[in-house]
A.B. asks: 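This is the structure I want to talk about, given as structure tokens.
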Amino acid sequence: MLDRELGAMLDREPGATLDPDQGWNLSLAGCGFSSVYYLGALSCFLDRVPQLVHGASRICGASSGCLVAAAVTVGIPLHGFCADVLDLARTARTRPLGVLHPAFGLLRRVRDALLDKLPADAHLRASGRLCVSLTRLADGRNLLVSQFDSREELVQVLLCSCFFPVYCGFVPPSYRGELFLDGALSNNLPLSEQRNTITMAPFRGESDICPKDDSFNPVQVHCCSLSVQVSSRNLHRICTSFLPPSVQNLAEICHSGYVDALRFLGAQGLITAPLPQPLSLEQPEPDQEPGQEPGRDPDLEPVHVLLSGLKPQLEPITAGCGPKGRGEPPGQLPESAVCSLQGGS
């Protein structure tokens, strides 16, 4: 019954509804360090309408988007993924050349994280549900992979989808004897051509869930299945994807993902919620309150300041905003988002 209700509400065209027997998909665009945007968006889904995630037929992704998709598909907690992104960004910012420093080894760090966190049966959980976009080096054609024979093959496919030339190195990884590049170079939103696919991207454009800026520019750039509006803010977002931002900026991106997903659910009639106000980080740091943990990581202090202002803003927004007809109590900031932004693992 809930599947049919969701299918009817996620109407993409006048008079058209999703076929509940066919299901729906989630598609996450590649976006580098900005992938924390998906932590906020998916936390909102899991908090408000978890069936949108648990009931999805396919969870697709390219580049860093496929890493989030894989984490959701095999059951890795979102806060664990976010903690890895925060640690990666902080480590990169200590290097003179950041990610491009010869000793940094971005792809090696991603591989180590995957081997550490993926369960032994990850390939069985992912097969048939996770869809990863790859770009074949030989001819530049796109390949969508959704069947994995082993855990090692799953890891290799994810690494292939994340390999951006020069940025990640000069020798691309291989999958079944062929060399592959970043999936975003040929198809950055897998299955976006299907009307039953919910698309997400941290860039203002035509994706179902994306930032909403105050200014509007009708000029759009369509490339590799992704539509991005031409604006200075989007240019900054693209730079942020490649150049590791501060923890404060990552927290802001995560917050944006939650709010944009909340707006999407409200527009689809899955919840009833007023439009949230934008979060401002231009505020003085509050004094330490009694009982505050002494000696906590000073690098994460901007996040603690952010959270102190974030909870009061989200609580009135999400009050009474549970899924329609469920009568859930007033919402709270998702535990996964709070935990990860506070540096929990």
A.B. asks: Counting distance only, does the side-chain N/O of T197 pair as donor-acceptor with the main-chain N or O of L191 below 3.5 Å?
C.D. replies: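 A pair under 3.5 Å: yes.
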A.B. asks: On a heavy-atom basis, which atom in L265 and which in C44 lie closest, and how many Å separate them?
C.D. replies: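 In terms of heavy atoms, the two residues are closest at CD1-SG, 4.0 Å.
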A.B. asks: At their closest point, which heavy atom of H79 faces which heavy atom of L39, and how far apart are they?
C.D. replies: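 Minimum heavy-atom separation between H79 and L39: N-CD1, 4.2 Å.
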A.B. asks: Name every donor-acceptor pair, under 3.5 Å, that has one atom in a side chain of residues 169-177 and the other anywhere in the protein, sequence neighbours excluded.
C.D. replies:
from : atom 1 : to   : atom 2 : distance (Å)
R176 : NE     : E153 : OE2    : 3.1
R176 : NH2    : D149 : OD2    : 3.1
R176 : NH2    : E153 : OE1    : 3.1

A.B. asks: Can you check whether L130 reaches S146 side chain to side chain, under 4.5 Å on heavy atoms?
C.D. replies: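 No, every pair of side-chain atoms sits at 4.5 Å or beyond.
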A.B. asks: Do S256 and D260 pair up side chain to side chain, a donor and an acceptor below 3.5 Å, judged on atom types alone?
C.D. replies: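 Note: S256 and D260 side chains meet the donor-acceptor criterion.
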A.B. asks: Short question: side chain of S127, backbone of L124 - any donor-acceptor pair under 3.5 Å?
C.D. replies: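 Not a single qualifying donor-acceptor pair exists.
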A.B. asks: Work out which heavy atom in Q51 is nearest to a heavy atom in W24; give both atom names and the distance.
C.D. replies: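 So the minimum-distance heavy-atom pair works out to O-CZ2, 3.5 Å.
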A.B. asks: Contact between P165 and L185 at the side-chain level, heavy atoms closer than 4.5 Å - yes or no?
C.D. replies: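 Answer yes - side chains close enough.
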A.B. asks: Is atom CZ of R95 surrounded by more than 12 heavy atoms (other residues, nucleotides or ligands) closer than 6.0 Å?
C.D. replies: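 Yes, the 6.0 Å shell around CZ holds more than 12 heavy atoms from other groups.
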A.B. asks: First locate atom CG of L78, then atom CZ of F45, and finally report the distance between them rounded to the nearest 0.5 Å.
C.D. replies: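 Separation between the atoms: 12.5 Å.
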A.B. asks: Restricting to ring-ring contact (aromatic ring centres under 6.0 Å, His included), what partner residues turn up for F164, sequence neighbours left out?
C.D. replies: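 F164 satisfies ring-ring contact (aromatic ring centres under 6.0 Å, His included) with F242 once adjacent residues are dropped.
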A.B. asks: Please lay out, stage by stage, how K117 and D84 fare under the test side chain to side chain contact (heavy atoms under 4.5 Å, CB included).
C.D. replies: CA-CA 10 Å; K117 288 186 166 52; D84 285 341; 3.1 Å; yes
A.B. asks: Quick one, S241 with S34, criterion side chain to side chain contact (heavy atoms under 4.5 Å, CB included). Give me CA distance, side-chain angles, the key distance, then yes/no.
C.D. replies: CA-CA 5 Å; S241 298; S34 296; 3.4 Å; yes
A.B. asks: Could you tell me which non-hydrogen atom of S246 sits nearest to which non-hydrogen atom of R93, and how far apart they are?
C.D. replies: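 The answer is N-NH1, 3.5 Å.
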A.B. asks: Counting only N and O atoms by type, is there a donor-acceptor contact under 3.5 Å from the side chain of R58 to the main-chain atoms of G128?
C.D. replies: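 Looks like yes, one N/O pair under 3.5 Å.
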A.B. asks: Under 3.5 Å, is there a donor-acceptor pair between the side chain of Y38 and the main chain of A29?
C.D. replies: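 Judged by distance alone, yes, a pair lies under 3.5 Å.
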A.B. asks: Does some side-chain heavy atom of S227 sit less than 4.5 Å from a side-chain heavy atom of V221?
C.D. replies: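 They are not in contact (no side-chain heavy atoms under 4.5 Å apart), so the answer is no.
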A.B. asks: Nearest 0.5 Å please: distance from the CG atom of L158 over to the OG atom of S64.
C.D. replies: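 Reported to 0.5 Å precision, the distance equals 11.5 Å.
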A.B. asks: Are V155 and L67 linked, directly or through other ILVMFWY residues, by side chains that come within less than 4.5 angstrom of each other?
C.D. replies: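 In one cluster: yes.
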A.B. asks: Rounded at 0.5 Å granularity, tell me how far OG1 in T91 sits from CG in L86.
C.D. replies: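 It comes to 10.5 Å.
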A.B. asks: Applying side chain to side chain contact (heavy atoms under 4.5 Å, CB included), run through D182 and Y167 and close with a yes or a no.
C.D. replies: CA-CA 11 Å; D182 196 311; Y167 184 76; over 6 Å; no
A.B. asks: Any side-chain heavy atom of F33 within less than 4.5 Å of one from L88?
C.D. replies: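 In short, these two side chains touch, coming nearer than 4.5 Å.
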A.B. asks: Testing the basics here: between G23 and N196, what is the closest heavy-atom pair and its distance to 0.1 Å?
C.D. replies: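 Result for this residue pair: O-ND2, 2.8 Å.
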A.B. asks: Would V99 and L250 show up in the same hydrophobic cluster when neighbours are defined by side-chain heavy atoms closer than 4.5 Å?
C.D. replies: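 Yes; tracing contacts between hydrophobic side chains, which count when under 4.5 Å, links both residues.
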A.B. asks: Do P211 and R237 have side-chain heavy atoms sitting under 4.5 Å apart?
C.D. replies: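 P211 vs R237: side chains touch.
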A.B. asks: Quick check: closest heavy atoms across P202 and C31, and the distance to 0.1 Å?
C.D. replies: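 Closest pair (atom of P202, atom of C31, distance): CG-CB, 3.5 Å.
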A.B. asks: At what distance, to the nearest 0.5 angstrom, does CG of L28 lie from OG1 of T199?
C.D. replies: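 The CG atom of L28 sits 9.5 Å away from the OG1 atom of T199.
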A.B. asks: For the pair R109 and D112, find out whether any cationic side-chain nitrogen is under 4.0 Å from an anionic carboxylate oxygen.
C.D. replies: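 Answer for the salt bridge query: no.
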A.B. asks: Linking I/L/V/M/F/W/Y whenever any side-chain heavy atoms sit under 4.5 Å apart, do L137 and V166 land together?
C.D. replies: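 No.
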A.B. asks: Could you tell me whether the side chain of L226 reaches within less than 4.5 Å of the side chain of F203, counting heavy atoms only?
C.D. replies: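 Contact flag for F203/L226 side chains = yes.
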A.B. asks: Within a strict 4.5 Å, meaning less than it, do heavy atoms of the R204 and R233 side chains meet?
C.D. replies: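 Sidechains of R233 and R204: no contact.
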A.B. asks: Taking R151 for the side chain and P119 for the main chain, is one N or O donor matched with an acceptor at less than 3.5 Å?
C.D. replies: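 Judged by distance alone, yes, a pair lies under 3.5 Å.
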A.B. asks: CZ of R136 to CD of E178: how many Å apart, nearest 0.5 Å?
C.D. replies: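 It is 5.0 Å, given to the nearest 0.5 Å.
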A.B. asks: Determine, using the 4.5 Å side-chain heavy-atom cutoff (strictly less than), whether F104 and L243 are members of one ILVMFWY cluster.
C.D. replies: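 The answer is no; the residues belong to distinct hydrophobic clusters.
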A.B. asks: Among S133, S27, S225, whose side chain to side chain donor-acceptor pair (under 3.5 Å) with N187 holds?
C.D. replies: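 Single side chain to side chain donor-acceptor pair (under 3.5 Å) partner of N187 among S133, S27, S225: S225.
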A.B. asks: Under a 3.5 Å distance rule, please check whether N142 uses its side chain to pair with a backbone N or O of T135 as donor and acceptor.
C.D. replies: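 Not a single qualifying donor-acceptor pair exists.
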A.B. asks: Indicate if L144 and I198 have the same hydrophobic cluster label, given that clusters are the connected sets of ILVMFWY residues with side-chain heavy-atom separations under 4.5 angstrom.
C.D. replies: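 Hydrophobic grouping puts L144 apart from I198.
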A.B. asks: Quick one: do D87 and R90 satisfy salt bridge (Lys or Arg N to Asp or Glu O under 4.0 Å)? Show the steps, please.
C.D. replies: CA-CA 5 Å; D87 181 64; R90 292 168 60 194; 5.3 Å; no
A.B. asks: Going from CZ on R129 to CZ on R125, what distance comes out if it is rounded to the nearest 0.5 angstrom?
C.D. replies: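 So the CZ of R129 and the CZ of R125 are separated by 11.5 Å.
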A.B. asks: I'd like to know whether L42 forms a side chain to side chain contact (heavy atoms under 4.5 Å, CB included) with M200, so could you lay out the CA-CA distance, the side-chain angles of the two residues, the decisive distance to 0.1 Å, and finally the verdict.
C.D. replies: CA-CA 10 Å; L42 293 173; M200 302 184 191; 3.8 Å; yes
